[in-house]
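These values consider heavy atoms only, across backbone and side chains, with no hydrogens, waters or symmetry-generated copies.
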Amino acid sequence: MTTTKLTGAEILMKSLLAEGVTTLFGYPGGAIMPVFDALYDYRDRLHHILVRHEQGAIHSAEGYARVSGKVGVCLVTSGPGATNTVTGIADAMLDSTPVVVIAGQVGAKMLGTDAFQECDIVNVTQPITKWAYQIRSAEDVAPAIKKAFYIAQSGRPGPVVLDFTKNAQNETAIYKDSKIGFLRSYEAVPPTSPQSITEAAELINAAKKPLVLIGQGVELGGAQEEVRQLIEKADLPAGCTLLGLSCLPSAHPLNVGMLGMHGSLASNVKTQECDLLIAIGMRFDDRITGNISTYACQAKKIHFDIDPAEINKNVSVDVAVLGNCKETVAQVSALVKPNQHKHWRESFNDHLEKENRIVIEPEVHPSDGPIKMGEVVNKVSTHAHEKAIIVTDVGQNQMMAARYSRFTLNRSIVTSGGMGTMGFGLPAAVGATFGAPERTVCLFVGDGGFQMTIEELGTIMENQCPVKIVLLNNNFLGNVRQWQELFFQRRYSFTHMLSPDYSKIAEAYHIPYRLVTERKGLDVAIQQMLDTNGPYLLEVAVMEEDNVLPMCCPGNDVDDMILDI
């Protein structure tokens with residue numbers, strides 16, 4: 001411990017270093033300027049990425065956190081700088097992403113006076129954070145940072161907001177590092193009931209038609225190997241949620257595909273036929289369950305989760321196993337007997353074959369006509385040897401990327417699940433390149449979402465972020481158009497979109513670009529993109545009225561799926 005007094009801004013720098021922070025995403029402004037001035041002397045240890053909009057900062061921090069497993073850090077000014085992060089904070093809350101947003105604020109004496117760029121960001125963000133707190137003195141900086149990082153990454157991860165008054169940035173105090181073992185009134189990991197472990201194992205041992213649902217909690221808890229050992233020991237077919245897709249290799253023989261609205265026909269049909277549903281690190285989102293009143297009513301249910309609030313929130317369960325699934329799944333697995341469910345597993349095959357014949361093959365290997373989205377995704381996945389980090393925006397590009405990418409490595413899908421935030425993809429891909437610099441990052445984005453945060457091409461240009469951008473351009477807000485086709489008699493109300501000349505935009509940002517309009521040039525273009533050092537923009541003109549299928553329509557039973565339109 002040093003006895004030299006430091007400014008609150010300098011204490012922030014030391015506190016961030018003590019938390020192992022190496023990368024920040026931000027945008028300077030008046031109320032955070034002392035912090036940026038202090039950051040100038042720490043440039044060799046704290047790499048600050050200047051984004052082009054504060055929404056880009058928070059989404060970049062999310063992308064960084066999702067692929068690295070570390071806390072993403074976002075540094076912005078007060079007022080609009082802080083409020084521009086709100087969408088990303090809500091996104092991080094719903095998708096359990098550990099981020100810390102440090103926002104400037106007017107001096108403590110000015111609070112409540114409607115001073116220039118004053119906004120009560122603590123009360124704005126309290127409903128969408130794990131913790132929101134205002135730092136009013138230099139002495140409070142180090143403890144607040146310590147607490148913020150502990151809360152953000154412990155238990156069920158999520159966002160924390162620190163509102164940093166300008167006087168606290170400028171005042172001086174002695175920097176004291178400390179450790180946090182627990183916080184009063186905050187239980188990061190609830191205790192696990194030994195009885196729940198025994199009961200879960202007994203249900204698994206007795207099941208004739210079990211089905212496992214793998215969620216992102218498996219990724220967040222680092223429980224991929226424990227889950228794999230469980231399903232292999234007891235011969236349990238397993239489906240994955242959107243955010244859990246890379247927890248289990250796509251080619252694993254027990255992987256029966258994605259769950260939910262645009263998931264695998266087999267996994268959704270068998271959800272309604274299984275006698276035991278084993279949910280691990282997932283929250284029974286409505287996009288997974290369909291009609292909640294008819295969801296898996298025939299099945300006993302086990303729910304592994306770290307968050308007690310998720311137990312019986314949407315779906316009532318027979319056994320709740322609370323705790324970190326890395327530990328609890330291993331404990332249950334130790335009591336589970338080796339088993340075989342050959343006939344049950346084989347009953348999935350007819351549905352897998354049907355979906356492959358009606359949906360997948362026509363999408364991935366069309367004989368003629370316009371290029372299809374799934375076809376592009378499949379080829380990119382193949383050319384990248386199924387090892388790329390797949391980042392998506394939101395919409396048809398998201399669902400096609402999820403359905404037709406194949407995963408062999410963990411932490412390989414970055415997408416906005418709970419919020420469904422258009423504009424998420426480009427900045428999140430930027431963050432992913434810093435979070436996992438040794439890996440290839442491929443972004444699938446539609447023409448709508450791309451234009452929402454297109455300014456982050458400037459961040460890519462300045463930092464030469466090696467994002468491989470695959471722009472699936474169908475000249476529509478494709479997902480909304482699909483719903484208009486299905487439910488609004490093809491009344492395409494304001495979903496057709498006129499796009500700019502992306503070649504000129506790419507040229508302006510000095511990013512290599514190629515346009516593909518014919519199928520014969522697709523493979524060469526994809527390989528060229530992947531072989532290019534640094535960023536690349538590959539625009540593919542895809543079928544305008546292509547649809548994401550199968551689809552469980554809103555309010556329908558999860559096994560009531562449309563295979564063709």
Side-chain angles (χ1 to χ4, degrees), residues 23-36 39 48-66 71-95 97-106 111 114-135 148 152 158-166 169 393-394 414 416 418-431 434 445 448-460 462-463 465:
T23 306
L24 309 92
F25 303 90
Y27 204 94
I32 198 69
M33 205 173 294
V35 167
F36 273 88
L39 182 59
H48 178 268
I49 311 303
L50 177 65
V51 297
R52 298 309 188 257
H53 190 283
E54 290 89 356
Q55 185 176 352
I58 182 67
H59 290 325
S60 292
E62 286 186 275
Y64 176 90
R66 293 272 284 273
V71 176
V73 182
C74 177
L75 190 60
V76 297
T77 194
S78 64
T83 58
N84 280 343
T85 67
V86 168
T87 296
I89 293 168
D91 191 277
M93 188 67 175
L94 277 173
D95 285 351
T97 304
V99 293
V100 171
V101 176
I102 302 166
Q105 182 57 279
V106 300
L111 292 170
D114 292 333
F116 179 67
Q117 291 190 336
E118 179 192 359
C119 176
D120 186 357
I121 198 65
V122 170
N123 279 312
V124 167
T125 59
Q126 273 185 337
I128 53 171
T129 54
K130 289 186 72 177
W131 186 51
Y133 179 74
Q134 188 172 76
I135 300 173
V160 169
V161 168
L162 294 178
D163 192 32
F164 199 178
T165 60
K166 199 165 186 180
Q169 298 172 45
D393 205 78
V394 168
V414 179
S416 172
M419 274 290 280
T421 305
M422 287 183 69
F424 170 89
L426 190 62
V430 169
F434 290 100
V445 62
F450 187 49
Q451 293 183 75
M452 282 194 171
T453 49
I454 198 169
E455 76 283 344
E456 296 309 322
L457 290 176
T459 309
I460 290 175
E462 183 167 339
N463 295 278
C465 307

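Gln134 contributes atom CD, which lies 6.0 Å from atom OG1 of Thr165 (distance to the nearest 0.5 angstrom). Rounding to the nearest 0.5 angstrom, the gap separating the CD1 atom in Ile102 from the CD1 atom in Ile135 is 7.5 Å. Rounding to the nearest 0.5 angstrom, the gap separating the CE atom in Met419 from the CZ atom in Phe424 is 11.5 Å. With rounding to the nearest 0.5 Å, the separation of CD1 in Ile49 from OG1 in Thr23 is 6.0 Å. Summarising the geometry, atom CD belonging to Gln55 is positioned 11.0 Å from atom CD1 belonging to Ile89; distances are rounded to the nearest 0.5 Å. Here the straight-line distance linking atom OG of Ser60 with atom CD of Glu54 works out to 12.0 Å at 0.5 Å rounding.
Annotation: side chain to side chain contact (heavy atoms under 4.5 Å, CB included) contacts of Ala148 (sequence neighbours excluded): Val100, Trp131, Val160, Leu162. Shown here are the side chain to side chain contact (heavy atoms under 4.5 Å, CB included) partners of Val106, two or more places apart in sequence or in another chain: Met110, Leu111, Ala115, Glu118. Judged as a side chain to side chain contact (heavy atoms under 4.5 Å, CB included), and not counting sequence neighbours, the contacts of Ser78 are Ala31, Gln105, Gln117.
Looking at Glu456, its side chain does come within 3.5 Å of a backbone N or O of His53 through a donor-acceptor pair. With Arg52 contributing its side chain and Glu455 its backbone, the two residues share no donor-acceptor pair below 3.5 Å. Put simply, the side chain of Lys166 gets close to the backbone of Gly30: a donor and an acceptor are under 3.5 Å apart. Using modelled atom types, one side-chain atom of Asn84 and one backbone atom of Pro80 make a donor-acceptor pair closer than 3.5 Å. Asp393 contributes a side-chain N or O that, together with a main-chain N or O of Gly425, makes up a donor-acceptor pair within less than 3.5 Å. Side chain of Asp95 to backbone of Gly418: a donor-acceptor contact under 3.5 angstrom is found.
Between Pro28 and the options Val35, Leu50, Thr77, a side chain to side chain contact (heavy atoms under 4.5 Å, CB included) holds for only Leu50.
For the pair Cys119/Val124, a side-chain contact is recorded, criterion being any heavy-atom separation below 4.5 Å from C-beta on.
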**Asked** Should Val122 and Val161 be marked as a side chain to side chain contact (heavy atoms under 4.5 Å, CB included) after you check the CA-CA gap, both sets of side-chain angles, and the distance that decides it?
**Response** CA-CA 7 Å; Val122 170; Val161 168; 5.6 Å; no

**Message:** One pair to check against side chain to side chain contact (heavy atoms under 4.5 Å, CB included): Leu457 and Leu426. What are the steps and the verdict?
**Reply:** CA-CA 8 Å; Leu457 290 176; Leu426 190 62; 4.2 Å; yes

